[in-house]
Amino acid sequence: MKILVVNAGSSSLKYQLFDMETEKALAKGNCERIGIDGVLTHKRPGKEDYKTSAPFPDHRAAIEYVLKILTDKTLGVIGSVEEIAAVGHRFAHGGERLKTSSVLGDEEIAYLESIVELNPLHGPPAISGFKACKAVMPRANHVGVFDTSYYSDLGEYAYIYPVPYELYEKYKIRRYGFHGTSHRYVAGKAAELLGRKDAKIITCHLGNGSSLSAIVGGKVVDTSMGLTPLEGVLMGTRSGDVDPAVLEYIMDNTGMDIHQMLNCLNKKSGFVGLSCSSDMRDVKAAAAKGDEQAQAALDVWTYRIQKYIGAYNVAVGGADAIVFTAGIGENDCEACAHVIEGLSFMGVKIDPAKNTRE
Ligand code: ADP
């Protein structure tokens with residue numbers, strides 16, 4: 001049986017095709033810079049990587065291209081899409097109802113559509129990615145895996161907002177947390193490498209969307225995203241934490257309504273708000289050419305991550321490991337080193353020789 005795993009992020013679509021008999025990946029890849037221009041990297045074990053530019057105006061175009069590549073005579077690994085028996089879709093928000101991985105029927109999709117405003121950046125691409133896959137692979141089983149599942153046991157001390165309690169009771173206004181599958185996986189891997197099941201770990205998922213989690217003995221004790229993925233550190237287009245009173249002040253001064261305001265915080269803030277682009281590589285290239293605003297954006301990014309790591313060092317009671325993952329965390333050794341440089345007070349130092357991509 002072949003299973004395709006699809007992760008439609010805000011600016012990327014990652015995929016991996018598994019042969020479940022061997023439990024090995026046959027191919028994996030990433031469509032990046034969706035909505036900007038479009039780059040596809042397609043990898044197969046033991047073969048040279050294939051990289052190409054292709055216009056990806058939206059996630060639907062990206063998934064269609066991926067299926068074309070997977071079945072291509074030269075680059076592909078399967079004869080036809082019919083071979084894909086099931087598709088696993090990553091969804092950021094499962095809300096109150098979808099707490100564990102679930103087969104996605106009309107009812108589940110209608111529910112996910114009804115809570116899309118809780119997750120305006122990832123929800124729409126994930127739903128359209130699902131619909132595109134469903135249209136091309138109608139006979140396959142489609143299963144949703146939810147980031148929020150990982151946080152369903154989070155303690156009340158961490159998930160309650162200090163606002164009137166009835167808002168939680170009536171409307172389930174609470175912190176849900178996101179990127180759970182990623183935090184769970186990398187924390188497990190780190191604990192395995194450390195050879196310690198009780199390890200205290202801070203995981204930093206730093207991509208276009210970014211979040212940190214504090215984990216003790218495999219159990220998550222805090223995380224930086226909240227009711228929606230807007231809370232936390234500075235991201236590609238999201239502001240992360242801001243004083244809520246700023247909203248009223250901006251709205252009074254600009255005439256924006258609340259929807260425009262939230263659109264601004266979700267889509268026009270973070271790197272793209274402070275600098276020239278939502279993409280770390282563009283921001284760094286601009287800073288390297290002397291663009292002071294781009295450098296300032298990088299400084300805010302670094303500082304806000306350091307503050308969360310400091311706080312989570314308290315949450316876990318002294319971390320054994322700090323883990324970096326996602327687009328920036330995996331690839332940008334220099335950015336991670338800058339974060340670490342500010343943490344020497346915690347006894348953390350970086351080994352420059354080991355901190356390379358290889
Ligand atoms: P998403 O939240 O859309 O899934 P990703 O995890 O793919 O995002 O991360 C996208 C971010 O990772 C972008 O800011 C991009 O610049 C950065 N990134 C990806 N590859 C590299 C690289 N090789 N070097 C530096 N930054 C990278």
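Counting starts at 1 for both ligands and their atoms, following the listed order. It should be emphasised that the depicted structure is a prediction, and the values quoted were computed from it without experimental measurement.
Taking a cutoff of 4.0 Å between a charged side-chain nitrogen and a carboxylate oxygen, R281 and D279 qualify as a salt bridge. In summary, E64 and R60 engage in a salt bridge, as defined by a charged side-chain N under 4.0 Å from a carboxylate O. Look at D241 and K307 and you find no salt bridge, because none of the NZ, NE, NH1 or NH2 atoms lies under 4.0 Å from a carboxylate O.
Near N331, the atoms of ligand 1 lying under 4.0 angstrom from a non-hydrogen atom of the residue are 19 (C), 20 (N), 21 (C), 22 (C), 23 (N), 24 (N).
Checking G207, S12, P125 against atom 4 (O) of ligand 1, the nearest heavy atom belongs to S12.
At a 3.5 angstrom cut-off on N or O pairs, G327 counts as close to ligand 1. The shortest N or O to N or O distance between R281 and ligand 1 is below 3.5 Å. Some N or O of N208 is nearer than 3.5 Å to an N or O of ligand 1, by distance alone. For ligand 1, the polar-atom distance check finds an N/O of G209 within less than 3.5 Å of one of the ligand's N/O atoms. In terms of N/O distances under 3.5 Å, ligand 1 is not approached by N30.
Under a 4.0 Å heavy-atom criterion, H122 is not in contact with ligand 1. The shortest separation from a heavy atom of S11 to ligand 1 is under 4.0 Å, placing the residue in contact.
For the pair H122 (side chain) and A8 (backbone), a donor-acceptor distance under 3.5 Å is present. Judged purely by atom type and a 3.5 angstrom limit, N253 uses its side chain to pair as donor or acceptor with the backbone of Y249.
Between Y308 and Y312, the ring-plane angle classifies as perpendicular under the 30° and 60° cut-offs.
Cluster note: V6 groups with L4, L13, Y15, L17, L26, I34, L40, Y50, F56, I63, Y65, V66, L67, I69, L70, L75, V77, I78, V81, I84, V87, V136, M137 through ILVMFWY side-chain heavy atoms spaced under 4.5 Å, whether in direct contact or through intervening members.
Proximity of K14 to ligand 1, defined as any heavy-atom pair under 4.0 Å, is confined to the side chain (atoms from C-beta onward).
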